[in-house]
There are 2 protein chains.
Amino acid sequence: MTVLDHAPGEVRDRAEPCRPGPKPGRPQGRDRYTISEVAEYTGLSAHTLRWYERIGLMPHVDRTHTGQRRYTDRDLDWLDLVGRLRLTGMPVADMVRYAQMVREGEHTVAARERLLSAHRDDVRRRIAELRSTLDVLDYKIDIYADARRRASEGV
Amino acid sequence: MTVLDHAPGEVRDRAEPCRPGPKPGRPQGRDRYTISEVAEYTGLSAHTLRWYERIGLMPHVDRTHTGQRRYTDRDLDWLDLVGRLRLTGMPVADMVRYAQMVREGEHTVAARERLLSAHRDDVRRRIAELRSTLDVLDYKIDIYADARRRASEGV
DNA sequence: TAGAGAGTTGGAGTGCACTCCAAGCAAGCG
DNA sequence: CGCTTGCTTGGAGTGCACTCCAACTCTCTA
């Protein structure tokens, strides 16, 4: 199931995949993944997956009759999003707030949009910052490269 | 003094400003700045400036006869570079290695260039990563915006 | 010359995001 | 059955980059 299957007007409450389309590299769609399969797939450690659950960053995960976790494709979609937000440096506390709002349902949609928009602005700012540092790096590396060239030519 | 004043073939051993030209916002060039002036200028706390010195990230800073620090324009140049590397997420340990190499002199020039080049690659990778996350963010924000629009139009 | 304010030190404390540990339960295999 | 491998928990530990503290000295202005 992808986001494109939604009835119009619906915003899904739980998994909210990042983008439509099949996810590559996902263990064939059994929809009952063990923690180590999910660790492998996401690159997070099993420790971290349990910790995410403890702090409320992960919606409640299904269990077997003996209490072992079984993750669904929805859970993997959610972890995709979390992983991306994490890559862009969103603090875990903010992601937890977002997860809480998702759990609270429709009436938090505007606040969720604000949170994501603010974060997008932040990411844009950081890209610009990185670009300008890249210029400085280029400048300094050029100086070193020149020095090396002169040295190797014995000038 | 800027990097443009060097005799050809020389790579300066200590301050290595990020780029040529006058630095704006620098307390008028008395070349003897107190720690609080430097804190103000760099945005770092005085605590952090002392800590940088302790861990070897800052070359030895001049002192008054009573032991108070007096930073020079060269020190400020160095802090400019450190600040930029920090903004791009270079670990402090790597910056300390770089500072050590600068202190060791000419024969570390090639290694310094390698370190900076590797970091530049890293920054480029992170920019690409941020860009791709930006796409995901746009996609999700669009969904929220659509939902909000539909809700406000009562459709 | 008195007092405020800024500087000094080593070492301890903080916040974040994991990361690991010990002790125990459960499933599958020869 | 015993063994290995994987899962469970709460709580403790780690690494990074600061950040603050206590107890002091120094500088500057009135």
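Order of the sequence lines fixes the chain letters, A, B, ..., with proteins taken first and strands second; residue numbering starts at 1 for each chain.
Straight-line distance from the CG atom of A/Leu79 to the P atom of C/dC18: 12 Å, rounded to whole Å. Atoms CZ (A/Arg32) and P (C/dA27) sit 14 Å apart, rounded to a whole Å. The CE atom of B/Met58 sits 15 Å away from the P atom of D/dC18 (whole-angstrom rounding). Nucleotide C/dT19 holds its P atom 13 Å from the CD1 atom of A/Ile55, rounded to whole Å. The interatomic distance linking A/His47 (NE2) with C/dC16 (C1') rounds to 18 Å, in whole Å. At whole-Å resolution of the value, CG in A/Leu44 and C1' in C/dC18 are 10 Å apart. Summarising the geometry, the separation between CG on B/Asp62 and C1' on C/dG7 is reported as 16 Å, rounded to the nearest angstrom.
The existence of a salt bridge linking B/Asp77 and B/Arg74 is excluded, since no basic side-chain nitrogen approaches an acidic carboxylate oxygen closer than 4.0 Å. Taking 4.0 Å as the cut-off between side-chain N and carboxylate O, A/Asp122 and A/Arg126 count as a salt-bridged pair. A salt bridge links A/Asp146 to A/Arg149: one of the charged nitrogens lies within less than 4.0 Å of a carboxylate oxygen.
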Please list each protein N or O that sits under 3.5 Å from an N or O in nucleotides 8-12 of chain D, with the distance.
{"residue": "D/dT8", "atom": "OP1", "partner": "A/Arg69", "partner atom": "N", "Å": "2.7"}
{"residue": "D/dT8", "atom": "OP1", "partner": "A/Arg69", "partner atom": "NH1", "Å": "2.8"}
{"residue": "D/dT8", "atom": "OP2", "partner": "A/Arg50", "partner atom": "NE", "Å": "3.0"}
{"residue": "D/dT8", "atom": "OP2", "partner": "A/Arg50", "partner atom": "NH2", "Å": "3.2"}
{"residue": "D/dT8", "atom": "OP2", "partner": "A/Arg69", "partner atom": "NH1", "Å": "3.1"}
{"residue": "D/dT8", "atom": "O5'", "partner": "A/Arg69", "partner atom": "NH1", "Å": "3.4"}
{"residue": "D/dT9", "atom": "OP1", "partner": "A/Arg63", "partner atom": "NH1", "Å": "3.4"}
{"residue": "D/dT9", "atom": "OP1", "partner": "A/Arg63", "partner atom": "NH2", "Å": "3.3"}
{"residue": "D/dT9", "atom": "OP2", "partner": "A/Arg69", "partner atom": "NH1", "Å": "3.0"}
{"residue": "D/dT9", "atom": "OP2", "partner": "A/Arg69", "partner atom": "NH2", "Å": "2.7"}
{"residue": "D/dG10", "atom": "N7", "partner": "A/Arg54", "partner atom": "NH1", "Å": "3.3"}
{"residue": "D/dG11", "atom": "O6", "partner": "A/Arg54", "partner atom": "NH2", "Å": "3.4"}

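For the segment residues 87-95 of chain B, residues with any heavy atom less than 4.0 angstrom from an atom of DNA chain D are, sorted by number, B/Pro91, B/Val92.
The local environment of CD in B/Glu129 is crowded, with over 12 non-hydrogen atoms from other residues, nucleotides or ligands closer than 6.0 Å.
Note on the helix from C/dT1-D/dA30 to C/dG30-D/dC1: terminal axis deviation equals 0°, with five pairs used at each end and the result rounded to 10°.
Not one N or O on the side chain of B/Asp62 forms a donor-acceptor pair closer than 3.5 Å with the backbone of B/Arg70. When atom types are taken as modelled, the side chain of A/Asp75 and the backbone of A/Thr72 share a donor-acceptor pair closer than 3.5 angstrom. Judged by distance alone, the side chain of B/Thr108 and the main-chain N or O of B/Ala111 form no donor-acceptor pair under 3.5 Å.
B/Ser45 comes within 4.0 angstrom of no nucleic acid atom, judged by non-hydrogen atoms across all strands. Residue A/Thr34 is in sugar-phosphate contact alone, with no base atom involved, counting any heavy-atom pair closer than 4.0 Å across all strands shown.
Close to C/dC18, at under 4.0 Å from its OP1 or OP2, lies a side-chain N or O of A/Tyr52.
Between A/Leu76 and A/Asp80, the closest side-chain pair of non-hydrogen atoms is not below 4.5 Å. Looking at heavy atoms from C-beta onward, B/Arg63 lies in side-chain contact with B/Arg69 at the 4.5 angstrom threshold. You'll find the side chain of A/Tyr71 stays beyond 4.5 Å of the side chain of A/Thr42, heavy atoms only.
Mapping B/Trp51 and B/Thr64 onto DNA chain D by nearest heavy atom places B/Trp51 closer to the 5' end of the strand. When each of B/His65 and B/Arg86 is assigned the nucleotide of DNA chain D bearing its nearest heavy atom, the one mapping closer to the 5' terminus is B/Arg86.
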Quiz item: Going through the checks in order, is the side-chain contact (heavy atoms from CB on, under 4.5 Å) test met by B/Arg112 and B/Val102?
Solution: CA-CA 8 Å; B/Arg112 282 186 251 167; B/Val102 170; 3.8 Å; yes
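Side-chain contact annotation: B/Ser132 with B/Asp135, donor-acceptor N/O pair under 3.5 Å absent.
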